[in-house]
Amino acid sequence: MKRLERNLITVFFTACLILYNFHYAAAQSPEVKTDWKLAVQSYTFHKFTLMETLDKVQTLGLHYLEVYPGHPLGAGFGELNFSPSLSKENQEKLNQEAAKRDIRIIAMGVVVTEAAEWEAYFSFAAAMHMEYISAEPALADWDLVEKLVKKYNIKLAVHNHPKPSLYWSPNDLLQAIGHRDARIGSCADVGHWRREGLNPLECLRKVKGRIHALHFKDITSGKRSAHEEMPDTIWGTGILDVKAMLAELKQQNFKGTLAIEYENNWENSVPDIQKNLTYYSQALKEINP
């Protein structure tokens, strides 16, 4: 009888443990799904190697990475940087290192290059199984770039650095690409739009249907240094209406990549980005009643 009682007690506590784990897992799992991919722009961790960056992205629980050209690869790759000059062997090795961490290198950028180099970038992106390249092509290169977009079936997402960038405003962007292949669109840096005095929410509406990716952030109205105005800050604490921008993307049925680019607290930004993710999860719940 005592043995039976012990067995029943064991079963009871096992059932309780299973139920607890179920509820805990449910609490930790995202309750709201989106059609876009949440990524990190590797410049966020430019003070670290790409191998270290992959570890940090894994720690954050994210699965996509946009890598900036020239990012030092680090352990196992010697002095190599992320670029089209990587051998096929090192390309495969790099993708394997990412896959070990359940991460996909989904894009590279921001690419600014000469006409003669564009094919090398598109060939590299195709070999690495990327979805898009974020870039700021010269106006004279658009016919060539459009031809390569079609040849390789790789999207081109035009980034908007501040002036004197050719694409600092949505109007300038649409004038350059509005008549071109639909695979050519915007890599919307919402922080740079605001730094140029534009309303990011209105800008997102202007480029509706052509947004392939975003460099997503919040910024402050102050200065980090004498040479830098409106630095990045934790989402929901700055001057951008982050929740409204997310709601706009949802309303637009956005299906691209939302890349976190956090240019602050360079040496220890993971805790800040975790706060971004907490805000992001809560904001999604609020815009998806």
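Please read these numbers as outputs of a predicted model, since none were measured by experiment.
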Kindly assign one of parallel, tilted or perpendicular to the pair His46 and Trp266, based on the angle between their ring planes and the thresholds 30° and 60°.
-> perpendicular
Beyond-backbone contact of Gln58 with Ile103, side-chain heavy atoms, under 4.5 angstrom = yes
In a check of side chain to side chain donor-acceptor pair (under 3.5 Å) between Ser134 and each of Glu66, His159, Lys155, which one passes?
-> Glu66
What is the ring orientation for His71 with Tyr68, classed by angle as parallel under 30°, tilted 30 to 60°, or perpendicular over 60°?
-> parallel
Could you give me the CA-CA distance, side-chain angles and deciding distance for Asp218 and Asn276, then say whether side-chain contact (heavy atoms from CB on, under 4.5 Å) is met?
-> CA-CA 9 Å; Asp218 199 354; Asn276 286 350; over 6 Å; no
For Leu86, does its backbone N or O pair with a side-chain atom of Gln91 as donor and acceptor, under 3.5 Å?
-> yes
Considering non-hydrogen atoms only, spot the tightest contact between Thr257 and Ala39 and give its length.
-> CG2-CB, 3.6 Å
Heavy atoms only: give me the nearest Ala138-Leu166 pair and the separation to one decimal.
-> CA-CD1, 4.4 Å
The reported gap from OG1 in Thr49 to CG in Leu80 (rounded to nearest 0.5 angstrom) is 12.5 Å
Begin with the C-alpha distance, continue with both residues' side-chain angles, and end with the deciding distance and a verdict on side-chain contact (heavy atoms from CB on, under 4.5 Å) for Leu277 and Leu38.
-> CA-CA 10 Å; Leu277 296 177; Leu38 188 60; 3.7 Å; yes
Polar contact flag, side-chain donor to acceptor under 3.5 angstrom, Glu119-Tyr152 = yes
Please answer: with hydrophobic residues joined when any side-chain heavy atoms are less than 4.5 Å apart, are Trp118 and Met108 in the same cluster?
-> yes
Give the cluster check for Trp168 versus Leu156: same hydrophobic cluster or not, with ILVMFWY residues linked at side-chain heavy-atom distances below 4.5 Å.
-> yes
Checking Glu248 side chain against Arg205 main chain: does a donor-acceptor pair fall under 3.5 Å?
-> no
Report the C-alpha separation of Phe82 and Phe124 in whole Å, then their side-chain angles, then the decisive distance to 0.1 Å, and conclude whether the ring pair (Phe, Tyr, Trp, His ring centres under 6.0 Å) test is met.
-> CA-CA 10 Å; Phe82 189 81; Phe124 178 51; 5.2 Å; yes
Short N-O contact, Lys206 and Asp172, less than 4.0 angstrom = no
Do Val57 and Arg101 have side-chain heavy atoms sitting under 4.5 Å apart?
-> no
Hey, does the side chain of Thr44 reach the backbone of Tyr262 with a donor-acceptor pair shorter than 3.5 angstrom?
-> yes
Residue among Val190, Leu214, Asp189 satisfying side-chain contact (heavy atoms from CB on, under 4.5 Å) with Pro200 = Val190
Side-chain ion pair, Arg180 and Asp143, N-O less than 4.0 Å | yes
To the nearest 0.5 angstrom, please state how far the CD atom of Gln274 sits from the OG atom of Ser269.
-> 10.0 Å
So, Gln96 and Glu92: side-chain donor and acceptor under 3.5 Å apart, yes or no?
-> no
Would Lys56 and Glu52 pass as an ion pair if we require N to O under 4.0 Å?
-> no
Are the side chain of Arg104 and the backbone N or O of His129 linked by a donor-acceptor pair below 3.5 Å?
-> yes
Identify whether the distance between the nearest side-chain nitrogen and carboxylate oxygen of Lys100 and Glu97 falls below 4.0 Å.
-> yes
